[in-house]
2 protein chains.
Amino acid sequence: MSYAEAQLREQAQRVTAGRRAVIRALAHLGGHPTAAQVETAVTELSPGVHRATVYRTLETLATLGVVTHVHMTHGTTAYHLAARTASRAHLHARCRLCGAVVDLPPDLLDDVRERVRAAGGFEVDPAHVALSGTCADCTRLD
Amino acid sequence: MSYAEAQLREQAQRVTAGRRAVIRALAHLGGHPTAAQVETAVTELSPGVHRATVYRTLETLATLGVVTHVHMTHGTTAYHLAARTASRAHLHARCRLCGAVVDLPPDLLDDVRERVRAAGGFEVDPAHVALSGTCADCTRLD
DNA sequence: ATGAGTGCAAAGTGTTTGCAACTAT
DNA sequence: ATAGTTGCAAACACTTTGCACTCAT
């Protein structure tokens, strides 16, 4: 039984074929797939699971904390299974040119967070959005 | 003649009814409207300008540097007329609960940028994405 | 048994396209 | 004159909905 599945049971949530399929697809895909990419993978790996179920399930799993989502530039949302330990959590940056997603240390924005809080009371949630920029490779080619 | 219009002429770009309409709508709206909101405003203020023109024009103006765009959480892109002076540029954060957009000092992420560059060569472009979090009001109500 | 979860199909949303006609330069 | 812009309508990708049915518990 996968860790994600165990998390579901712990929270007294039902473990259904659809949910298993989504979890499996996420594990299989790795990285930071969008909802649409998860949908495609689910359809391949576990035919019969409906599109709508994938979207509903991703949302549910995100609410339950089993999966994490990050908003990317250009309007997409990326999902992945939640980190097993806090130490494995991370922030994201996405290359505006090639689309590559880079992981960043989780404490990178701690100072910024503190400064913004002090300045106006806004609470920044650094993990919720990917920073934008250009990756090393693309910068080199520029 | 508006400043934005002057910028167009400077770059030898045509000043058309559609472009004037988009610039006018942006000036009228202020803040950080999405493309769809600009479309609505254009349709109101300058009927006859087509939806597709608004989207194409926003993209063109963004490329020319006449307007600036910021990617927001939840998949939308917000536009505004480019700041007349560098000192008026700013970063953005969006409240995940009420959607309010807060302006932040332009140098807020300078340190982060430097650290990320040193660590892996990724060039962060802080102005291109809005940070996410909760504004002071919504934090209070939580 | 019972309510949470699902498939289905359909309708959103917001955005983009190919093309012929138009117009700012 | 001639390229760049536009209107149009249609297609587009992605996501969400209402409802009846099914299945995990």
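No experiment lies behind these values; they were computed from the predicted model shown. No hydrogens, no waters, no symmetry mates; every other heavy atom, side chains included, goes into these values.
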To the nearest Å, give me how far apart [atom1] ([X]) and [atom2] ([N]) are.
X: B:Gln11; N: C:dT25; atom1: CD; atom2: C1'; answer: 16 Å
X: B:Glu10; N: C:dT25; atom1: CD; atom2: P; answer: 15 Å
X: A:Leu64; N: C:dA4; atom1: CG; atom2: C1'; answer: 12 Å
X: A:Leu58; N: C:dT6; atom1: CG; atom2: P; answer: 11 Å

Between protein and nucleotides 8-16 of chain D, map the contacts as a letter string: B base, S sugar-phosphate only, - none, heavy atoms under 4.0 Å, written 5' to 3'.
BBB---SBB

Can you give one letter per nucleotide of nucleotides 20-25 of chain D, 5' to 3': B if a protein heavy atom sits under 4.0 Å from the base, S if only from the sugar-phosphate, - if neither?
----BS

Do [X] and [Y] have side chains that approach each other closer than 4.5 Å (heavy atoms only, starting at C-beta)?
X: A:Leu109; Y: B:Leu109; value: yes
X: A:Val101; Y: A:Met72; value: yes
X: B:Val129; Y: B:Val70; value: no

Determine, for A:Tyr3 and A:Arg84, whether the Lys NZ or Arg CZ falls below 6.0 Å from the six-membered ring centre while staying within 45 degrees of the axis.
yes

Between the opening five pairs and the closing five pairs of the helix from C:dG12-D:dC14 to C:dT25-D:dA1, how far apart are the helix axes, to 10°?
30°

For the residue pair A:His128 and A:His71, does the interplanar ring angle fall in the parallel (under 30°), tilted (30 to 60°) or perpendicular (over 60°) class?
perpendicular

Once you apply a heavy-atom cut-off of 4.0 Å, does A:Thr60 come out as touching a base, just sugar-phosphate, or nothing?
nothing

[X] [atom1] to [Y] [atom2] distance, which is reported to the nearest 0.5 Å:
X: B:Gln11; Y: B:Thr63; atom1: CD; atom2: OG1; result: 10.0 Å
X: A:His90; Y: A:Asp107; atom1: NE2; atom2: CG; result: 13.5 Å
X: A:His92; Y: A:Leu104; atom1: NE2; atom2: CG; result: 8.5 Å

Side-chain donor-acceptor pair under 3.5 Å between A:Thr76 and A:Thr34, yes or no?
no

In the single-linkage hydrophobic clustering (I, L, V, M, F, W, Y; side-chain heavy atoms under 4.5 Å), do B:Leu131 and A:Leu108 co-cluster?
yes

Does the separation of the ring centres of A:His69 and A:His32 fall below 6.0 angstrom?
no

